[in-house]
Amino acid sequence: MIANPYSGADWNAVVPLSIVAVAALVVLFADLVTPKGLAKRWVPVAISAIGLAGAAFTCGEGWGHSYAAFGGGFMVGGFATVFQEIVIVAALLSVAIYAHVGEDENFSGGLALLLWSTSGAMLMAGAGSLMTIFLGLELLSLALYCLCGLSPRATAGEAALKYLILSSAASGFMLYGMALFFGATGSVALAALAGQAVESNALFLCGTALFLIGIAFKLSLVPFHVWVPDVFQGAPLPVTAFMSVVTKAATLAVFARFAYAAVTGPHAQAILAPVYVIAGISMIVGNLGALAQTDMKRLLAYSGIAQVGYIVAALAGSTALGLRYAIFYLAAYTFMNIGAFLVVALLSTSKEEGSALAAYRGLGRTRPVLAAAMVLFLLALAGLPPTAGFVGKILILSANFDAGYAWLAGLLIAGTAISLYVYFKIVGLMYGRHERPHPTEVRPVAPLAWAGLVACVLFTFVWTFDPLGPSNVLPLVK
Amino acid sequence: MNSALLPVSLMSYVGLSAVIFFIGVGGVLLRRNPLIILMSIELMWNSANLLFLAFARVWLNNAGHIFAFLVITVAAAEAAIGLAIVVVVFRRTHHVDVDDVRLLKG
């Protein structure tokens with residue numbers, strides 16, 4: 001008999017993501033046994049919400065008890081916990097959108113895929129070895145390919161095909177980079193890459209280039225961003241909201257761990273510099289791209305490209321403070337971005353998603369509450385007070401100046417200036433003197449979606465205190 | 001690192017896998033048929049597998065073998081999903097060519 005190499009602590013580490021994955025199975029089973037009717041929608045939603053809440057709770061238990069499980073393959077506590085909680089909250093809010101606008105056909109199937117995708121993102125957030133990164137990434141992506149195509153609309157299949165081809169090719173780049181890392185160190189642990197000796201290794205340098213191309217693609221940084229608007233527009237609304245935060249948060253966790261714990265030699269900043277350059281370009285290109293858009297989902301896709309540029313910029317210089325501020329901004333972005341998607345969901349009719357910009361004309365009079373909420377989210381995305389977006393941007397600016405990346409701060413300010421026009425165009429549309437009959441169809445009341453909206457509004461306001469101690473957030477790879 | 005364990009030199013493995021990888025990249029960029037593109041993506045993934053196996057032998061570390069198995073498993077799942085999506089798109093257009101897939105623009 002072979003002794004079990006893993007202790008109870010190892011298995012405890014993966015309890016949160018197991019809960020999410022098992023909840024997905026329960027959703028599928030419950031779908032078989034619930035009778036037709038309203039229960040068909042509410043039972044799966046309730047199970048998913050309970051599963052995610054349970055995962056959030058067990059994950060929170062790990063806070064302050066940092067350790068490496070499975071021989072360094074999976075990290076628990078601190079940094080990983082923060083990212084996992086962000087992913088879980090984003091998934092919960094997406095489930096609220098899904099409960100409102102999800103199509104009856106394949107309803108629980110889509111929900112189950114959403115949960116599996118979430119568990120993949122949680123795995124990435126804690127990944128400490130190349131294998132877990134790859135496994136988490138593919139679990140996240142494979143479920144998302146299906147989700148993109150899960151809609152009878154013609155654009156959904158197209159979005160799925162584009163996402164599948166481009167994302168798998170990007171995974172190919174990343175995988176080849178990982179193979180080169182393995183060749184450079186003879187180990188699949190990220191921690192093995194740390195140190196001066198590896199830094200001058202040609203295999204490591206080529207691997208870094210390919211690995212970072214994969215990361216930049218998943219983060220939608222500029223030369224690799226062309227898929228984002230198409231996929232975001234074509235995918236069903238809840239999936240778009242989910243992708244806009246969860247893929248980025250999970251990839252950001254991987255990038256941060258790589259930048260802080262694996263590239264540590266004297267030339268670390270030179271090696272990582274290209275990422276910060278494209279992050280700076282993303283801020284400008286993302287906001288310029290958003291100028292011309294007439295579809296809310298496309299517009300938010302472009303603005304998301306710029307937003308992720310701001311977050312990555314905070315990491316420039318690999319300072320502890322920068323990581324803290326990046327996480328702060330990511331948390332704020334989760335609420336303001338999914339909040340905007342919740343408004344779009346609440347404006348949707350059964351025929352069309354409320355994403356055409358024309359549907360926002362005169363909204364200030366027809367749906368004043370939704371319009372006011374949208375204004376708040378747009379202010380936050382633009383980075384104006386009194387929102388978390390403002391605080392986050394000020395913190396990122398200060399981190400950039402401290403780390404000696406003043407040019408990034410300059411690009412951030414220029415990008416923000418362009419974005420003001422984008423966001424105020426929508427505000428002008430909602431409160432301007434336009435007459436347009438608003439679609440009169442009133443959908444059934446959506447308590448979950450409204451609750452999500454209220455939560456987003458509250459957090460966009462209140463998230464101005466910083467709950468993260470610096471020592472807790474430092475990457476735990478060692 | 002112990003290159004003497006390999007009957008063929010390590011550089012040959014690295015070179016071959018790089019060639020396969022770039023054939024895959026070329027296929028993704030140049031071919032218009034989604035099925036061929038999916039095959040090219042498989043080439044990219046499998047070139048990485050070759051590299052993992054060669055390095056596993058050199059470093060005497062089984063992690064490379066395990067990684068290759070992991071990649072093969074995930075690639076199978078990915079191919080299944082990819083073909084399903086191609087079928088969904090084909091049902092709508094009755095023709096498979098990525099140039100015809102252009103409802104989304106702007």
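Because the structure is predicted, anything quoted here is derived from the model rather than measured. Chain naming here is simple, since letters A, B, ... match the order of the sequence lines and numbering starts at 1 in each.
Counting all heavy atoms, side chain and backbone alike, B:Ala48 lies closest to A:Ala179 at O-CB, 3.8 Å. Here the closest non-hydrogen pair linking B:Gly82 and A:Leu164 is CA-CD2, 3.3 Å. For the residue pair B:Val28 and A:Ala169, the shortest heavy atom distance occurs at CG1-CB, 4.2 Å. Across every non-hydrogen atom of B:Val88 and A:Gly157, the tightest pair is CG1-CA, 4.5 Å. The two residues A:Tyr145 and B:Glu78 have their closest heavy-atom pair at CE1-CG, 4.4 Å.
The aromatic rings of A:Phe173 and B:Phe21 lie perpendicular to each other, with more than 60° between the two planes, well past the 30° mark.
When heavy atoms are compared at a cutoff of 4.5 Å, B:Ser17 approaches chain A by way of both its backbone and its side chain. B:Val71 touches chain A through backbone and side chain together, each having a heavy atom under 4.5 Å away. For a residue to count as touching a neighbouring chain, one of its non-hydrogen atoms must lie under 4.5 Å from one of that chain's; by this rule B:Ala56 touches chain A with backbone and side chain alike. For A:Thr185, the part lying under 4.5 angstrom from a heavy atom of chain B is the backbone only. In this structure, chain A has no heavy atom under 4.5 Å from any part of B:Ala75.
Here the CD1-CG distance, from B:Ile37 to A:Leu166, works out to 8.5 Å after rounding to the nearest 0.5 Å. Taking CG of B:Asn46 as the reference point, atom CG of A:Leu175 lies at 9.0 Å (rounded to 0.5 Å). The structure places CG of B:Leu51 at 8.0 Å from CG of A:Leu203, a figure rounded to the nearest 0.5 Å. Rounded to the nearest 0.5 angstrom, A:Ile165 CD1 and B:Ile85 CD1 are separated by 9.0 Å.
Ranked by heavy-atom pairs under 4.5 Å with chain A, the list B:Ala77, B:Gly64, B:Gly24 is led by B:Gly64. Heavy-atom pairs under 4.5 Å with chain B peak, among A:Leu139, A:Leu135, A:Val188, A:Leu142, at A:Leu142.
When side chains are defined from C-beta on, B:Asn61 counts as touching A:Phe182, because their heavy atoms get closer than 4.5 Å. Using a 4.5 Å cut-off on side-chain heavy atoms (C-beta onward), B:Trp45 and A:Tyr176 make no contact. Looking at heavy atoms from C-beta onward, B:Ile66 lies in side-chain contact with A:Met131 at the 4.5 angstrom threshold.
No donor-acceptor pair closer than 3.5 Å links the side chain of B:Trp59 to the backbone N or O of A:Ser187.
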